[in-house]
Amino acid sequence: MDEVIGIINDLKQKKFKPVYFLMGEEPYYIDRLSDYIENAILTEEERGFNQMVLYGRDVTVEDIISNAKRYPMMAEYQVIIVKEAQDLSRTIENLLSYVENPQPTTILVFAYKYKSLDKRKSLAKSIQKKGLLFESKKLYDNQVGGWISRVLKGKGYTIEPKAAEMLVEFLGTDLNKINNELEKLQIILPVGTTITAIHIEENIGFSKDFNVFELRKAIGNKSILQSYKIADHFAQNKKEYPMVVTTGLVFSFFVQLLQYHGLKDKSSGNVSKMLGIKPFFVPDYVTAAKNFPMKKVSGIVSTLRDIDSKSKGVGANQMHESDLLKEMLIKIFN
């Protein structure tokens, strides 16, 4: 994120590169940077003659080079943005000759999503030397909550840890999808609001009481009745709560609990760091560790591997998801 801010600051100061190659598995920052260049470099009057948006599936690398070599009309620069540039992956190395001698009055931008150039090859090295090569890497699950907090803080909002984790649970690590939901909340809620689980439930539709985090908490507390209530809700809403996701998250909880048991330093800060969780969730692990000794946790981890295989259809083709959920809880609490 700091790198993105640095790139935008340079653009604001008109420190332009002749070639911007934006690549990587996470499309969010690629979209943000290419959108910024599209909307902020040229004035509205200049764009008519000097800005061009191309799509990788419709052009060749040679077409792009031909356009890039043109001179701007009544403007200092022309801007060419190639969206979905990954469709040119088979011939993208043909760009090398242009990158080695780029047109100084052209700002050429490639939005190369879900793929990356081989940094050992000449094209990537040349872009790093003559232009800007930016790689947008996918965030890990445990990094997305922090990203949500930083984005909201920059817009004058805060968010409760549970609310952030609910967004990650239901939307995964797709930053564009998460950002769309955050923008909806910003329209509804005034600046300065602390976004809570209730705001998420009321405005986005995720239940604050029936989600995997509440299931894991109920299991950790050995709240058997509540665990079965949540499991029953999941069974009745299979599309929103896929069995494979539920078993995967419960499995990761017990793997982390096994790690917790093995820690010598069980201070909140160290547990948070070693388990990759927010300090807000540390008490859940402290409670669960009291209810599930290390030997028991080892057995549960082994059992959950078997349940996870069954949820994927291995050796349990005829088992209903609700039966699998019950079997999971029976074996955990047995």
Side-chain angles (χ1 to χ4, degrees), residues 1-9 22 24-36 111 113-114 134-217 220 230 240-242 245-246 248-250 252-253 256 268-269 271-285:
M1 194 169 180
D2 289 342
E3 185 180 0
V4 175
I5 293 170
I7 293 169
I8 290 176
N9 285 338
L22 316 174
E25 290 296 320
E26 177 48 67
Y28 176 81
Y29 288 118
I30 295 173
D31 288 338
R32 290 298 172 275
L33 286 170
S34 60
D35 286 349
Y36 183 85
K113 298 178 183 177
Y114 313 112
F134 169 76
E135 185 170 10
S136 186
K137 295 181 179 179
K138 203 83 174 172
L139 296 184
Y140 294 112
D141 288 0
N142 62 359
Q143 296 175 312
V144 180
W147 177 86
I148 292 170
S149 297
R150 290 193 299 274
V151 168
L152 288 171
K153 183 179 179 182
K155 296 181 179 180
Y157 295 83
T158 55
I159 186 168
E160 290 181 347
K162 181 180 177 181
E165 295 299 334
M166 282 174 69
L167 287 170
V168 178
E169 177 194 344
F170 286 96
L171 298 174
T173 59
D174 186 327
L175 302 188
N176 274 322
K177 194 183 291 185
I178 294 171
N179 189 63
N180 288 339
E181 297 300 336
L182 294 179
E183 288 180 348
K184 291 177 189 176
L185 289 171
Q186 289 162 45
I187 292 170
I188 298 165
L189 304 172
V191 174
T193 299
T194 295
I195 296 169
T196 66
I198 294 174
H199 289 132
I200 301 296
E201 182 175 29
E202 290 178 346
N203 298 293
I204 299 179
F206 308 148
S207 172
K208 66 181 177 62
D209 296 316
F210 295 98
N211 58 70
V212 173
F213 292 99
E214 289 303 313
L215 175 61
R216 298 201 312 187
K217 186 173 183 178
I230 296 172
E240 291 82 3
Y241 306 95
V245 174
T246 301
L249 289 170
V250 173
S252 68
F253 174 73
Q256 290 172 319
S268 179
V271 171
S272 174
K273 178 182 176 182
M274 299 306 294
L275 270 60
I277 60 173
K278 299 294 181 187
F280 174 84
F281 292 104
V282 171
D284 293 346
Y285 289 82

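Atom set for the values below is all heavy atoms of this structure, side chains included, hydrogens, waters and symmetry mates excluded. The model shown is predicted, which means the values in this text are computed figures rather than measured ones.
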Qualifying salt bridge (charged side-chain N to carboxylate O under 4.0 Å, His left out) pairs, either residue in residues 174-195, two or more places apart: E181-K184
Euclidean distance, L171 CG relative to M166 CE, rounded to 0.5 Å: 10.0 Å
Member of N179, V4, I8 meeting the side-chain contact (heavy atoms from CB on, under 4.5 Å) criterion with R32: N179
Donor on one side chain, acceptor on other, Q256 and Y285, under 3.5 Å: yes
Heavy-atom closest pair, residues S136 and Y29: OG-CB, 3.6 Å
Closest heavy-atom pair and its distance - E160, A197: OE1-N, 3.8 Å
Residue pair G156 / V191: nearest heavy atoms and the distance that separates them: O-CG1, 3.6 Å
Listed partners of Y28 passing ring pair (Phe, Tyr, Trp, His ring centres under 6.0 Å), at least two apart: W147
Salt bridge (charged side-chain N to carboxylate O under 4.0 Å, His left out): pairs with one or both residues in residues 145-155, sequence neighbours excluded: none
Reported CZ-to-CG distance for the pair F253 and L215, which is rounded to 0.5 angstrom: 9.5 Å
Residues in side chain to side chain contact (heavy atoms under 4.5 Å, CB included) contact with S149, at least two apart in sequence or another chain: I159
Test item: Q186 side-chain N/O and L182 main-chain N/O as donor-acceptor pair under 3.5 Å: yes
Test side chain to side chain contact (heavy atoms under 4.5 Å, CB included) applied to L175 and E26, step by step: CA-CA 8 Å; L175 302 188; E26 177 48 67; 3.6 Å; yes
Atom of H199, atom of L185 and distance for their closest heavy-atom approach: O-CD2, 4.1 Å
Derivation and outcome, side chain to side chain contact (heavy atoms under 4.5 Å, CB included), residues I178 and V151: CA-CA 11 Å; I178 294 171; V151 168; over 6 Å; no
Partners meeting side chain to side chain contact (heavy atoms under 4.5 Å, CB included) with I198 (sequence neighbours left out): T196, E202, K208
Salt bridge E3-K137, side-chain N to carboxylate O under 4.0 Å: no
From CD1 (I195) to CG (L152), nearest 0.5 Å: 4.5 Å
Side-chain donor/acceptor of S34 to backbone N/O of I30, under 3.5 Å: yes
Minimal non-hydrogen separation, K162 against F281, with atom names: CA-CZ, 4.5 Å
Test side chain to side chain contact (heavy atoms under 4.5 Å, CB included) applied to T158 - qualifying residues, sequence neighbours left out: T194
Gap between atom CG of L275 and atom OG of S252 - 0.5 Å precision: 10.0 Å
Euclidean distance, L139 CG relative to E25 CD, rounded to 0.5 Å: 12.0 Å
Minimum heavy-atom distance between S272 and I277, given as atom pair plus value: OG-O, 2.5 Å
Contact check, side chains of T246 and V212, non-hydrogen atoms, under 4.5 Å: yes
